[in-house]
Amino acid sequence: MRLSQSFIPTMRQDPGEAEVVSHRLMLRAGMIRKVAAGIYSYLPLGLRVIRKIESIVRDEMNRAGAQELLLPILSPAELWQETDRWDFYGKELVRLQDRHERDFCLGPTHEEVVTDLFRREVQSYRQLPLTLYQIQTKFRDEIRPRFGLMRGREFIMKDAYSFDQNETDAQRNYQRMYDAYCRIFSRTGLNFRPVEADTGLIGGISSHEFMVLANTGEELIVFDPDSQYAANVERAEVVAPPVKEPGALSPLEKVSTPNAKSVEDLCALLKIEASLVVKTLLYHTGDNEITAVLIRGDHHANEIKIQRFLGLHDLSLASPELVEKVTAAPVGFVGPVGLSNVRILADNAVSALANFIVGGNETDVHLINVNQPRDFAIDDWGDFRQAQAGDPSPKSGAPLQTARGIEVGHVFMLGTKYSEKMGATYLDSEGQKHHAIMGCYGIGIGRTAAAAIEQNHDEKGICWPMPIAPFQVQILPVTSSEAVRLASEQLYEELNQQQIEVLLDDRNERGGVKFNDADIIGTPFHIIIGDKGLANQALEIKDRKTGEKVLLPPNQVADWIRKAVTQQLHMES
RNA sequence: CGGGGCGUAGCGCAGACCGGUAGCGCACCGCGUUCGGGACGCGGGGGUCGGAGGUUCAAAUCCUCUCGCCCCGACCA
């Protein structure tokens with residue numbers, strides 16, 4: 001492709017609208033342009049990257065035995081009402097009506113639509129297992145779209161759905177997809193990690209997320225370097241501490257703590273460690289009903305775990321008004337002692353504490369030397385906090401480490417959640433009816449591109465891994481002589497003939513402009529052609545990522561490039 | 001939705017407090033000189049100042065209301 005004839009509008013300056021690296025570089029490299037918040041046009045360069053990722057995904061899906069199809073983006077409300085997700089999905093579902101005022105939505109995911117297809121077309125165990133996938137634009141009216149393609153309201157996703165006869169087959173299918181995902185992200189050249197995850201709105205039994213490791217990632221994961229264990233902090237199990245021998249219990253005391261509304265304030269005031277404090281979080285769990293959750297002061301509550309324990313799918317902290325109404329104490333001074341008519345849950349870590357500190361249920365008062373069950377009773381114990389660095393690994397006991405990641409893929413074992421609600425059944429060899437066991441598997445295509453940039457860039461621009469680079473080589477004629485032009489054209493021809501994806505910067509620009517644009521775009525190899533090099537019979541090949549330079553006679557360049565490109569294409573796979 | 005910020009030429013910004021009819025850099029068009037890391041000279045084009053209403057002789061500037069966008073928190077590929 002010739003740059004002079006390409007629509008690759010690079011930007012000299014950083015756009016004001018983008019702060020995150022991948023977003024900024026995608027705009028600057030002329031890959032994408034914004035149409036509205038969270039909605040982007042893919043320009044030719046961006047689309048080339050998207051297509052490359054898609055083709056790796058397609059290849060591995062096919063290899064894993066999945067079949068590609070294409071479901072509609074628009075789907076009728078009735079299907080969503082069958083599974084209750086019409087209501088459950090809430091505002092994130094983009095809804096619209098047709099001219100007859102019938103309700104529709106733009107698909108945010110397609111469990112309902114495939115399950116409907118399945119129940120109409122599949123009757124026999126002989127038709128199983130079945131795995132279907134598609135690569136399609138999805139719509140989710142995100143609360144806050146951000147970071148360019150990282151979290152859009154409209155985005156391209158690969159979604160796959162598996163149907164099996166029994167747990168064993170389903171588990172095997174799940175594993176096949178898991179393995180395919182590992183190959184996909186290895187092949188794209190990304191540094192990633194599969195982690196145990198929460199199932200969220202999709203629901204189901206078990207799930208793993210595929211995280212691209214990057215400091216800018218929105219997700220926090222914990223992992224154990226000694227075993228394979230890794231999990232999203234939302235999900236990570238915290239092992240209960242060993243039971244502690246009760247030591248000498250000091251008598252309960254009231255202390256004055258003016259304005260100490262937070263654990264921090266309190267620790268500063270009393271000159272104590274946060275691990276000696278127990279905070280009492282009050283959650284709104286019903287009409288005028290609150291549930292107290294006790295968490296050690298230096299720990300973070302994990303609302304997903306609490307939610308799951310309580311069997312709720314929505315959880316929020318009680319409003320200050322409700323807190324005062326129920327406990328008679330203002331927010332900041334709530335404690336479990338004397339708290340009546342409130343269910344009290346406590347995180348396991350609290351069981352190892354003695355003589356701790358809690359709110360006094362009175363303005364500017366805390367209680368010290370508190371002990372349970374002496375001073376108050378706990379209704380239920382459980383794992384209610386977020387795992388953090390240093391916690392023992394549930395697998396090996398070794399201290400966990402934390403890392404940030406970008407979630408690019410997610411696999412779920414759904415079980416019969418959808419097949420039961422929608423009546424997706426098959427007959428076994430005995431003529432017995434069973435619900436199909438399902439799995440679903442997503443990959444954010446645009447997000448993978450963004451994650452690749454987060455992981456592969458420097459101060460000058462993108463450094464694409466070869467398998468997903470929009471072009472493999474860029475030719476930069478840096479002086480304007482006829483000899484340079486001819487040599488560039490000749491090499492361009494030669495590389496094209498060898499099926500190398502080459503971008504020729506034949507614009508009438510000075511060398512500096514071309515160098516900078518090539519660096520932003522991030523083509524893995526740059527071939528620099530100038531009068532000086534021609535005179536010495538030595539063209540310069542620069543590796544974008546390492547900056548290493550190779551000097552070669554013009555007639556050896558094409559061959560060298562072909563070998564280098566081939567090698568980098570296969571290195572990761 | 002809560003908190004913070006921003007809408008002025010294609011992009012990045014100034015002008016606003018203190019009303020007087022819009023400016024800078026880059027980009028763009030023409031000619032010439034240049035040409036290995038974002039050249040230079042001369043000439044040129046381009047803006048209902050996000051929108052609506054109000055105050056005023058006069059509004060980018062003051063007031064009210066709106067719309068859009070970005071960043072921080074609760075959702076997710």
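Protein chains get the first letters and strands the later ones, always in sequence-line order, with residue 1 at the start of each. All values derive from a computational prediction rather than experimental measurement.
Here A:Arg183 pairs with A:Glu60 in a salt bridge; the nearest charged N to carboxylate O distance falls below 4.0 Å. Between A:Asp519 and A:Lys542, at least one side-chain N (NZ, or NE/NH1/NH2) sits under 4.0 Å from a carboxylate O, which counts as a salt bridge.
In terms of phosphate contacts, A:Arg12 brings a side-chain nitrogen or oxygen within less than 4.0 Å of OP1 or OP2 of B:A27. Within the structure, every side-chain polar atom (N or O) of A:Arg510 is placed at least 4.0 Å from both OP1 and OP2 of B:G36.
Computed from coordinates, the A:Glu407 CD to B:C75 P distance equals 13 Å when rounded to whole Å. The interatomic distance linking A:Glu19 (CD) with B:C72 (C1') rounds to 10 Å, in whole Å. Atoms CG (A:Asp141) and P (B:A77) sit 16 Å apart, rounded to a whole Å.
Across all strands, A:Glu234 comes closer than 4.0 Å to no nucleic acid atom at all (heavy-atom distances). When heavy atoms are screened at a 4.0 angstrom cut-off, A:Arg28 is found touching base atoms of the nucleic acid.
Atom CG of A:Asn536 has more than 12 neighbouring heavy atoms from other residues, nucleotides or ligands inside a 6.0 Å radius. No more than 12 heavy atoms of other residues, nucleotides or ligands lie within 6.0 Å of CD in A:Gln490, so this atom counts as exposed by the packing criterion. Crowding of A:Met1 atom CE: a count of heavy atoms from other residues, nucleotides or ligands under 6.0 Å not exceeding 12.
If you check B:G37, B:C75, B:A77 against the side chain of A:Asn516, the one that comes closest is B:G37. For A:Met11, the side-chain atoms get nearest to B:C11 when compared with the rest of B:C11, B:G36, B:G37.
Applying the Watson-Crick and G-U wobble criteria (two distances, each under 3.5 Å), B:G73 pairs with B:C1. Pair assignment for B:U55 gives none, since no Watson-Crick or G-U wobble pairing has each distance under 3.5 Å. When Watson-Crick and G-U wobble pairs are counted only if both distances are under 3.5 Å, B:C24 pairs with B:G12. For B:U33, the paired nucleotide is B:A39, the pair qualifying as Watson-Crick or G-U wobble because both relevant distances are below 3.5 Å. Within the shown strands, nothing qualifies as a pairing partner of B:U61 under the Watson-Crick or G-U definition with both distances less than 3.5 Å.
For A:Asp531 and B:G36, a side-chain-to-base donor-acceptor distance below 3.5 Å is absent, hydrogens and geometry of angles not being considered. Applying the 3.5 Å distance criterion, the base of B:C75 shares a donor-acceptor pair with the side chain of A:Arg151. In this model, no side-chain donor or acceptor of A:Lys34 finds a partner on the base of B:G68 within 3.5 Å. Side-chain atoms of A:Arg447 come within donor-acceptor range of the base of B:C76, with a qualifying N/O pair under 3.5 Å. The base of B:G38 has none of its N or O atoms less than 3.5 Å from a complementary donor or acceptor on the side chain of A:Glu509. Contact of A:Thr479 with B:C35 (side chain to base): no donor-acceptor pair of N or O atoms is detected under 3.5 Å. Taking only distance into account, the side chain of A:Gln13 meets the base of B:G25 through a donor-acceptor pair shorter than 3.5 Å.
Only the C1' atoms considered, B:C11 is 15 Å distant from B:G38, to the nearest whole Å. Between B:C18 and B:A60, the distance separating the two C1' atoms is 15 Å to the nearest Å. Atom name C1', nucleotides B:G50 and B:U8: the rounded distance is 10 Å, in whole Å. Only the C1' atoms considered, B:U48 is 14 Å distant from B:A59, to the nearest whole Å. Taking the P atom of each, B:C35 and B:G10 are spaced 34 Å apart, rounded to whole Å. Nucleotides B:A14 and B:G51 place their C1' atoms 23 Å apart, quoted to the nearest Å. The gap from the C1' atom of B:C69 to that of B:G37 amounts to 35 Å, rounded to the nearest Å. One P atom belongs to B:A22, the other to B:G46, and the distance between them is 13 Å to the nearest Å.
Ring to ring, A:Tyr178 and A:Phe210 are close: their centroids are under 6.0 angstrom apart.
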